[in-house]
*Asks:* 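Before I ask anything, let me first share the structure, which is written out below as structure tokens.
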Amino acid sequence: MTNLFDIPADPAAGGHSGLSAAPPGGARPNQSEPHGRTAESEALLAGLNPQQRAAVEHRGAPLLVVAGAGSGKTRVLTRRVAYLLAAGGAHPGEILAITFTNKAAAEMKERVADLVGGRARAIWVSTFHSMCVRILRSEAAHLGIKTTFTIYDSADSMRLVGMVASDLDLDTKRNTARALAAAISNLKNELIDPATAAERAETDIQKVTAEVYAGYQARLRAAAAFDFDDLIMQTVGLLQAFPAVAEHYRRRFRHVLVDEYQDTNHAQYTLVRELVGGTTPDAGGPGAAVGVAAHLPPAELVVVGDADQSIYAFRGATIRNITEFERDYPDARTIMLEQNYRSTQNILSAANAVIAGNTDRRAKSLWTSEGSGEKIVGYVGDNEHDEARFIGQEIDKLVDDTACRYGDVAVFYRTNAASRAIEDIFVRTGMPYRIVGGVRFYERKEVKDVLAYLRAVANPDDEVSLRRVLNTPRRGIGDRAEAQVVIFAEQERIPFADALRRVDDIAPLLATRSLNSIVSFNRLIDGLRSLVSDGGDPADLATAVLDRTGYRAELEASDDPQDASRLENLEQLVTVMREQAEMLIAARQAAAEGEAEASATDEEVGALAAESALLAAQLDGQQMLTGVLEQLSLVADADAVPDSEEGVVTLMTLHTAKGLEFPVVFLTGLEDGIFPHMRALGDAKELAEERRLAYVGITRARKRLYVTRAVTRSSWGQPGSNPPSRFLDDVPDEVVDWRRLIENVPFVDRDDDFFSSRAIGSGRSSPVSASRFGDRTPQSRFGDKMPPRGPATRGGGVGSKPPLELRKGDKVSHDKYGLGTVKIVDGVGVRATATIDFGSAGTIRLMLIGGVPMVKL
DNA sequence: GAAAAGGTGCTTTTT
DNA sequence: GCACCTTTTC
């Protein structure tokens, strides 16, 4: 397959698809004067404070809006977009607004539409990734790539890295693949290509990484696939390699707005620069815009962000983009929004105090005119179950006693795994709740299996997907058979899929069963492809996959209750695909109408719009399938949608919570080792990011904030104890009402005494002195008995339990097999085994090491 | 080759 | 405590 940038000549202008059509008249004067004050423009400025107003009205030079949490930055962005149309004389097709999540994009689009009506349809509001996909598809012909390319998520990437590593005879443990994939991702975020990575590699690890990276990119190209980082990196490469293409987009987008700018990584930063045009202070350096026609002034750039809310450094985001904005764009202006319209003063005081713990930040202090509000409520549970119980009780109390509805409440935690304890209680007490994120729908095995079929059908080169489904459901094509095909493909230097087609050539090397299975697998795929070419829609195709592969039959035949829910998931997948297909058609129509409307005079609008909408809707089966698969890859949060749905408590990680707000927020697991996370404790930079995460969490709350922790918490199946989070120390005492406050004691490793500290007043004797807040001076509320900071102390493990001592004839009860009689005992100590007759469950030989789920009766 | 038992290592966070 | 991987057994 041709490499992306092999094409030597600059593509001729005019080859772009309809979606990138330039607005009539080409570039417009950049600093167009406002049309003066009209009723419409006045209305758009109404209700804004002076800073917000300045940001909305600002024209010309690049603008950085430093906005604190809850200061109405989304409002400013949407108003600005509307204002550009109403008072700035901007053309809707000239506006590009980039957000980080699809949800944010959808919301902004909706709000702008509320303000300016149908004109909003021609505005590009998009995430970085969706935008890049659209650009790459439009320019596919120039790049020597197919428009049917597949998008690999991180799991697919890891699989591919694993395949490359095994090609190179490297250790292919999962951890290795994960580390390599992360290293490659970092390189891509820094816009470093494999050749450069190899040049710069000094350590052995870097050399290996560069080698795998090169093989990985080759495999991606061969599979006609892009990973998430690729989407950005290759788009940047495209704009840099083809000045005419870059200029085309610069002419088109005269207003570029970026939300959540603090979360951009280097590649995204460069992409913005390329789209905006203009020059850099250190021209020629990395990120310098190339080939800008002298007569084309840079687009108007407005970025909005809050360095204190940067929580994605782990995926390459760099605050430098926001802190150095004025250096990057020397004529830039900065506007600060500090007034908060979301939270009470108590909550803001806590947020300010916590974030103040970070040095090296631009001082910023949120304030509100709303008054202090309720105190923050604190609670220390004996363990995570007690913590969860308190949360459940408190929510019920709020709903019963106040105007609060379940939908007003959110519970945040640091890691997805932490949701379990809370869920347990909620399920048991019948609390209505929903989890956002976590084990995502699209990450479930059965869903990925079916999607892999669809991808393999849509993109014949997609080796990762093809090999995933080759023996799913099991049809007798085992590792040996697959390996033979791989070897044959290497010998003949043909793609895996082609080797599979020529299975007859290696028939002698295969078991008859494998051979037959491969032949019928080929037929299966052919059949599915013809379904697509006959114009079948993606949902029908998914149904056909379920029927023809026997996937559905296998699940239906199973009596495992998990398989029943798998079936439900698959049904839901088919439904989602049907909806997506409809949305795709609707979106095409809307875009086409928008384009038509934007480029036509009023009289022509109706006819033209209708005509192009009809054209756009004429998607063939292949386009439809590609489009739907793309949606599913990019819109991974389709099952998110908290939308403050009536009557449902929302559970999510702190990262997912960004950009949202709730009247009532529970911040859980405030323990050193949990939040801040153990992995961050040793590293000042990571600790600073954890602190920002705490700041994000606190500032989600509008009226009431709860902070909770647990003295003991089980993780990895073992109980342990964590000191209180250092973030709690920073919260001023006068804004917190501690409902229950107990001290930690050094963890005691005794099976019968896990919970060795108790609250005063619990009615039981306490091994240590504990205190309620209020019994002491606030400053010393944790006294000097606080255990030293550091990783959690751990209790004894399974292995420390004594082995089970059995003799022939003993009766036992096993958790899984039930009652049994010992028949034979072999070996001594940890090597001892027993052969036990479990009656109808069979006769089984078991090891007797400690922790075996069996007791002697 | 499939099924099942045993072993291993895991937990950041996500577009 | 769990999911996933490896080994064992039929």
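Each chain gets a letter, A, B and so on, in the order the sequences are listed, and its residues count up from 1.
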*Asks:* A:I435 has an atom CD1; how far is it from atom P of B:dT13, in whole Å?
*Replies:* 13 Å
*Asks:* Among the candidates B:dT15, B:dG1, B:dT11, find the nucleotide nearest to the side-chain atoms of A:S514.
*Replies:* B:dG1
*Asks:* Below 4.0 angstrom, N of the basic side chain to O of the carboxylate: do A:R709 and A:E387 qualify?
*Replies:* no
*Asks:* Say you pick atom C1' in C:dT6 and the same atom in B:dT11; how far apart are they, in whole Å?
*Replies:* 23 Å
*Asks:* Rounded to whole Å, how long is the line connecting atom CD1 of A:I232 with atom C1' of B:dT15?
*Replies:* 8 Å
*Asks:* Please report, rounded to the nearest Å, how far the P atom of C:dG1 is from the CZ atom of A:R420.
*Replies:* 10 Å
*Asks:* Any idea how A:H655 and A:Y312 line up, ring-wise: parallel (<30°), tilted (30 to 60°), or perpendicular (>60°)?
*Replies:* tilted
*Asks:* Before accepting this row, confirm whether a basic side-chain N of the pair A:D306/A:K73 lies closer than 4.0 Å to the acidic partner's carboxylate O.
*Replies:* no
*Asks:* With A:K188 as reference, evaluate A:L231, A:D230, A:I232 under the side chain to side chain contact (heavy atoms under 4.5 Å, CB included) test and give the passing residue.
*Replies:* A:D230
*Asks:* Any side-chain N or O of A:T653 under 4.0 Å from OP1/OP2 of B:dT14?
*Replies:* yes
*Asks:* For B:dT13, what is the paired nucleotide under Watson-Crick or G-U wobble rules, both distances under 3.5 Å?
*Replies:* none
*Asks:* It should be established whether A:N416 places a side-chain nitrogen or oxygen under 4.0 Å from OP1 or OP2 of nucleotide B:dT11.
*Replies:* no
*Asks:* Need one value for A:F128: base, sugar-phosphate or nothing, where a base atom within 4.0 Å counts as base even if backbone is also close, heavy atoms only.
*Replies:* nothing
*Asks:* Can a salt bridge be assigned to the pair A:R692 and A:E689 using a cut-off of 4.0 Å between side-chain N and carboxylate O?
*Replies:* yes
*Asks:* Roughly, in whole Å, what's the span from CD in A:E554 to P in B:dA3?
*Replies:* 8 Å
*Asks:* Mind calculating the distance between NZ (A:K685) and C1' (B:dT13) to the nearest angstrom?
*Replies:* 18 Å
*Asks:* In whole Å, what is the span from the CD atom of A:Q631 to the C1' atom of B:dT15?
*Replies:* 14 Å
*Asks:* Rounded to the Å, how far apart are A:Q234 CD and B:dT15 C1'?
*Replies:* 17 Å
*Asks:* Quick check: on DNA chain B, is the nucleotide nearest A:T415 upstream (toward 5') of the one nearest A:R513, or the reverse? Name the residue that is more 5'.
*Replies:* A:R513
*Asks:* Has A:R178 got a side-chain N or O lying under 4.0 Å from the OP1 or OP2 atom of B:dT11?
*Replies:* yes
*Asks:* In whole Å, what is the span from the CG atom of A:L660 to the P atom of B:dT13?
*Replies:* 18 Å
*Asks:* At under 4.0 Å between heavy atoms, what does A:E686 touch on the DNA or RNA strands: base, sugar-phosphate, or nothing?
*Replies:* base
*Asks:* So what does A:F314 hit on the nucleic acid, given a heavy-atom distance under 4.0 Å: a base, only sugar-phosphate, or nothing?
*Replies:* base
*Asks:* Below 4.0 angstrom, N of the basic side chain to O of the carboxylate: do A:K448 and A:D156 qualify?
*Replies:* yes
*Asks:* When you check the phosphate oxygens OP1 and OP2 of B:dT14, does a side-chain N or O of A:T656 lie under 4.0 Å from one of them?
*Replies:* yes
*Asks:* Which of these nucleotides, B:dA2, B:dT11, B:dT15, is closest to any side-chain atom of A:H677?
*Replies:* B:dT11
*Asks:* Between A:A511 and A:L693, just flag the one whose closest nucleotide in DNA chain B comes earlier from the 5' side.
*Replies:* A:A511
*Asks:* Closest approach to the side chain of A:R315, judged atom by atom: which nucleotide of B:dT11, B:dA2, B:dT15 is it?
*Replies:* B:dT15
